[in-house]
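See below for the structure under consideration.
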Amino acid sequence: MTKDRARRQLLIDNLRPSYLKMLASRALVRGLQSGFWRRVSTSSAAWAAHTHDVDVVDCSVPQYNNRLDTPLPDVPFVRNLSAEQKKLKEKEKGSWTQLTKEEKLALYRLTHELSFAEMRQGSKEWMTVLGGVFIFLGFTGLLVLWQRIYVYGDVPATLSPESVAQQTQRMIDMRVNPVHGFANKWDYEKKQWK
Amino acid sequence: MISAAVLRGIGSLTRARAAFTAPLAVRCYSHAKVETDEEFDSRWVTYFSKPDLDAWELRKGMNTLIGYDLVPEPKILDSALRACRRLNDLASAIRILEAVKDKSGPHKEIYPYQLKKVFVNWLGFSTSLLTV
C-alpha cells in the first residue's frame with residue numbers, strides 16, 4: 001500500500017512543472033550544444049570549465065576565462081590532475097632547464113586553455129554569416145519577382161508610350177516650370193529639346 | 001614608459017602656472033602630485049620582489065599591470081618572472097611574456113628589446129617556445 005503511494009508520489013514529483021521546465025531547458029541546451037551553435041549557446045566561462053563535460057557550472061566560485069586583458073585567470077584550466085600531471089607539477093619545482101619542451105607546453109596547457117595567439121586568431125564564421133545573408137536576400141528577391149508576376153495586375157494605360165507622349169505634349173503646351181524646369185528645356189522656336 | 005596619465009599630468013602642471021596670469025582661461029585640473037615614470041617602475045618592481053608574494057598577489061598585480069595603457073619596463077617584467085620562479089609557476093611565466101608581447105601591439109620591436117634586457121635563459125626556455 002505504502003509502496004504504491006510512494007511510487008505514485010515519485011511519478012507526480014517527476015511530472016511537476018518546474019522539473020519538466022528544467023528538463024526542457026536542459027534538452028534545449030543539449031540540442032544547441034550538439035549542433036552548430038555550440039560555442040554560442042554556452043558562455044566561454046562555462047565552456048572553459050567544461051573539461052569534464054558537466055551539465056551545470058557553479059557560478060558562485062571563481063571560473064576560468066580566456067581574456068587578453070586578464071592574462072592570469074583566477075583558477076587553472078585543469079583542476080583535477082592525473083597522476084602523471086601531478087608528477088610534472090613536482091618536476092616544475094626544480095630547475096626549469098631540466099624540463100623538455102613538451103613538458104613546458106604541457107604545463108602551460110594545464111593552466112591555460114588558449115594561448116594568446118589562439119585567442120587572437122578569429123574564425124571564418126563571418127563568411128558563413130554573410131553567405132547566409134546573401135542566400136536569404138536572393139530568396140527574397142525570387143519571392144518578390146513571383147509576386148510581381150503573379151500577384152500584381154497590369155500597370156495603368158496612362159504609362160504606355162503613346163499616352164506618355166500625349167502627356168508630354170500637354171505639359172509643353174501648358175508651359176510647365178518655364179523658368180528653370182520642364183518647359184525651360186524645350187525650344188519653342190525650333191520645336192525640339194534644347 | 002611614458003603613459004597617457006603622465007602626459008596629462010605634465011599638461012596640467014604647465015597650465016597651473018598660467019592660472020596666475022589668465023584667471024578667466026583657467027581649467028580646474030587636480031593639483032595632486034604626479035608620479036614619475038621611475039617611481040611607477042620602482043613601485044611595481046618592489047611589488048613583485050616581495051619574497052613571500054603569493055599566487056593571488058601575483059595574478060592581481062599582473063592583471064592590473066596589463067590593464068594599464070603602457071608596456072611594462074623590462075625590470076618590472078624581470079621582477080615578475082622571478083616571482084613566478086619563486087612560486088614554481090612556469091605557465092604563468094610564459095603567460096606573462098605572451099601578455100607583454102601582446103601589449104606592444106603593432107610595435108613589434110618592443111618585445112625583442114625587452115627579451116634582451118630580461119635574461120630569460122635562467123628560466124630555461126628560448127623565445128621560440130612562445131609561438132605556442
Side-chain angles (χ1 to χ4, degrees), chain A residues 44-45 47-49 51 60-123, chain B residues 44 47-48 53-72 76-77 80-106 108 110-111 118-132:
Chain A
S44 64
W47 177 253
T51 50
S60 61
V61 295
Q63 294 172 16
Y64 176 81
N65 60 337
N66 291 311
R67 288 184 64 102
L68 293 169
D69 59 7
T70 315
L72 303 176
D74 299 327
V75 290
F77 183 53
V78 177
R79 258 165 288 177
N80 310 325
L81 298 173
S82 71
E84 66 257 24
Q85 285 168 339
K86 287 200 182 113
K87 262 199 290 201
L88 190 58
K89 279 285 184 188
E90 285 303 313
K91 201 173 172 195
E92 195 185 13
K93 294 183 184 163
S95 168
W96 289 344
T97 45
Q98 306 297 323
L99 297 166
T100 67
K101 185 173 176 183
E102 290 75 24
E103 285 173 338
K104 287 173 191 162
L105 285 174
L107 280 169
Y108 182 83
R109 291 290 175 188
L110 279 181
T111 332
H112 303 289
E113 185 196 8
L114 299 174
S115 72
F116 265 70
E118 286 165 7
M119 276 195 267
R120 280 230 176 248
Q121 71 187 6
S123 71
Chain B
W44 276 103
Y47 178 85
F48 284 118
L53 193 81
D54 64 29
W56 185 91
E57 287 174 350
L58 171 71
R59 286 199 306 270
K60 171 70 179 167
M62 212 52 232
N63 292 337
T64 312
L65 189 62
I66 295 297
Y68 292 147
D69 183 20
L70 49 83
V71 183
I76 306 177
L77 183 61
L81 291 173
R82 286 179 196 276
C84 287
R85 174 66 268 196
R86 286 198 298 278
L87 289 164
N88 299 320
D89 196 350
L90 177 73
S92 292
I94 302 177
R95 192 71 157 183
I96 288 171
L97 283 165
E98 268 191 307
V100 162
K101 181 180 183 186
D102 189 70
K103 263 315 246 185
S104 29
K108 301 277 182 238
I110 295 180
Y111 183 61
V118 175
F119 184 54
V120 286
N121 289 343
W122 66 266
L123 291 173
F125 50 81
S126 65
T127 58
S128 64
L129 188 69
L130 297 158
T131 53
V132 157

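Quick note on labels: first sequence line is chain A, next is B, and so on, each numbered from 1. Note that the coordinates shown come from a computational prediction; the quantities given were computed from them, not determined experimentally.
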Open item on the list: Testing the basics here: between Leu114(A) and Arg95(B), what is the closest heavy-atom pair and its distance to 0.1 Å?
Closed with: O-NH1, 2.8 Å
Task: Least distance between heavy atoms, Glu98(B) atom then Ser115(A) atom - done: OE2-CB, 3.4 Å
Task: Step-by-step side-chain contact (heavy atoms from CB on, under 4.5 Å) determination, Arg120(A) to Asp102(B) - done: CA-CA 10 Å; Arg120(A) 280 230 176 248; Asp102(B) 189 70; 2.6 Å; yes
Task: Pick from Thr111(A), Leu107(A), Thr70(A) with the largest number of heavy-atom pairs that fall under 4.5 Å of chain B - done: Thr70(A)
Task: Side chain proximity check, Ile96(B) to Pro71(A), heavy atoms < 4.5 angstrom - done: no
Gap separating the [atom1] atom of [X] from the [atom2] atom of [Y], nearest 0.5 angstrom:
X: Leu97(B); Y: Phe116(A); atom1: CG; atom2: CZ; result: 11.0 Å
X: Glu92(A); Y: Leu87(B); atom1: CD; atom2: CG; result: 10.0 Å
X: Asn63(B); Y: Asp74(A); atom1: CG; atom2: CG; result: 7.5 Å
X: Lys91(A); Y: Leu90(B); atom1: NZ; atom2: CG; result: 11.5 Å
X: Ile94(B); Y: Arg109(A); atom1: CD1; atom2: CZ; result: 10.0 Å
X: Ile66(B); Y: Leu72(A); atom1: CD1; atom2: CG; result: 8.5 Å

Task: Contact origin within Leu58(B) toward chain A - heavy atom pairs under 4.5 Å - done: both
